[in-house]
Amino acid sequence: MNRKVIFILILTVLSIILLTLISFGPLSNLRSQTSFNPESLLKRTSPINDLLTDYLNKDVRENYYEVMLPKEWLVKAGDKPGSYNISFPSGYGLVSLMDVPDNTTLELFILSQEEPRMKKITPGYQRLDYQKVKVNGNDAYILSFEEKRGNKDYLTITAYISGADNAAVIKLSANKDDFKSFEQSFNRIINNFNWRNQ
Amino acid sequence: MRQILLFVSMAVIGGGLYLKLFYDVPDSQTQINFFVSWFFIIIGVGSLLVNIFWGNTGDKENRNKD
């Protein structure tokens, strides 16, 4: 074994150690800064509306979906696969997937499991409205409620859209005082949601 | 034997580059894709270089002896 080979082997081992640190260890921040691209999920700008940006989510093929969000909103990939965390002035939101057990329907699941769960964890929860609608041909259930965050009151619209495998959840909250100005955007986001699993 | 190792090294590099550049990575697996693709590339390049340099000095020495 000559010197060059020993040097290459040492270099390779060091590179792998560095790679492990960058991938999973304390240097992982470096990777997310250099290659951070929350809009890696961003596929194309909507031709339909210049104000909206099109996010095409891809995780499990059955659950591919497309959601359009206003360009100026901050969108990041969420912790759970297939989810986005959204923040915007005077509000926040979440788009995610929800596994509905096979032995129940989405509506029953929302009313018997989801809403009671939210009541428990949401301070000042007060239901305002519940309705069944169609979103691009899919059954959807829209639950509106009021909640308290700190000293502020928020109004939240949560849309549950049934899908082939999982259901999609679009949760959008805005400060109660500003809710009127966001309501139209919220409805447009929900109505533009589309499954892309064909 | 050397040619086989060379071929395997090239295949490993090719696999790493494929994962890095062409593979459609699910959103939740970008971290593991980053690690695996670079791991393949590093191992592939490392073994390729080792393959090239292994025994070169020895050959020269042997030739000098002759």
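Chain letters run A, B, ... following the sequence lines, proteins first and then strands; every chain starts at 1.
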In a table with atom names and distances, give each donor-acceptor pair under 3.5 Å that connects a side chain of residues 91-98 of chain A to protein atoms at least two apart or in another chain.
| unit_1 | atom_1 | unit_2 | atom_2 | d |
| --- | --- | --- | --- | --- |
| A:Tyr92 | OH | A:Glu147 | OE2 | 3.1 |
| A:Tyr92 | OH | A:Arg149 | NE | 2.8 |
| A:Tyr92 | OH | A:Arg149 | NH2 | 3.1 |
| A:Tyr92 | OH | A:Ser173 | OG | 3.3 |

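Between B:Ile41 atom CD1 and A:Leu19 atom CG the span is 9.5 Å, to the nearest 0.5 Å. Here B:Phe53 contributes atom CZ and A:Leu9 contributes atom CG; the two are 12.0 Å apart, rounded to the nearest 0.5 Å. We find the CG-CG distance between B:Leu49 and A:Leu11 to be 9.0 Å, quoted to the nearest 0.5 Å.
Taking the side chain as every heavy atom from C-beta outward, B:Ile43 and A:Ile16 approach each other to under 4.5 Å.
Contact annotation for A:Phe24: both backbone and side-chain heavy atoms come within less than 4.5 Å of a heavy atom of chain B.
Qualifying side-chain contact (heavy atoms from CB on, under 4.5 Å) partners for A:Ile121, counting only residues two or more places apart in sequence or in other chains: A:Arg117.
Atom NZ of A:Lys176 has 12 or fewer heavy atoms from other residues, nucleotides or ligands within 6.0 Å. Within a 6.0 Å sphere centred on CZ of B:Phe40, other residues, nucleotides and ligands contribute 12 heavy atoms or fewer. Other residues, nucleotides and ligands place no more than 12 heavy atoms under 6.0 Å from the CD atom of A:Gln184.
Note: A:Thr20 leads A:Thr20, A:Asp79, A:Val13 in heavy-atom pairs under 4.5 Å with chain B.
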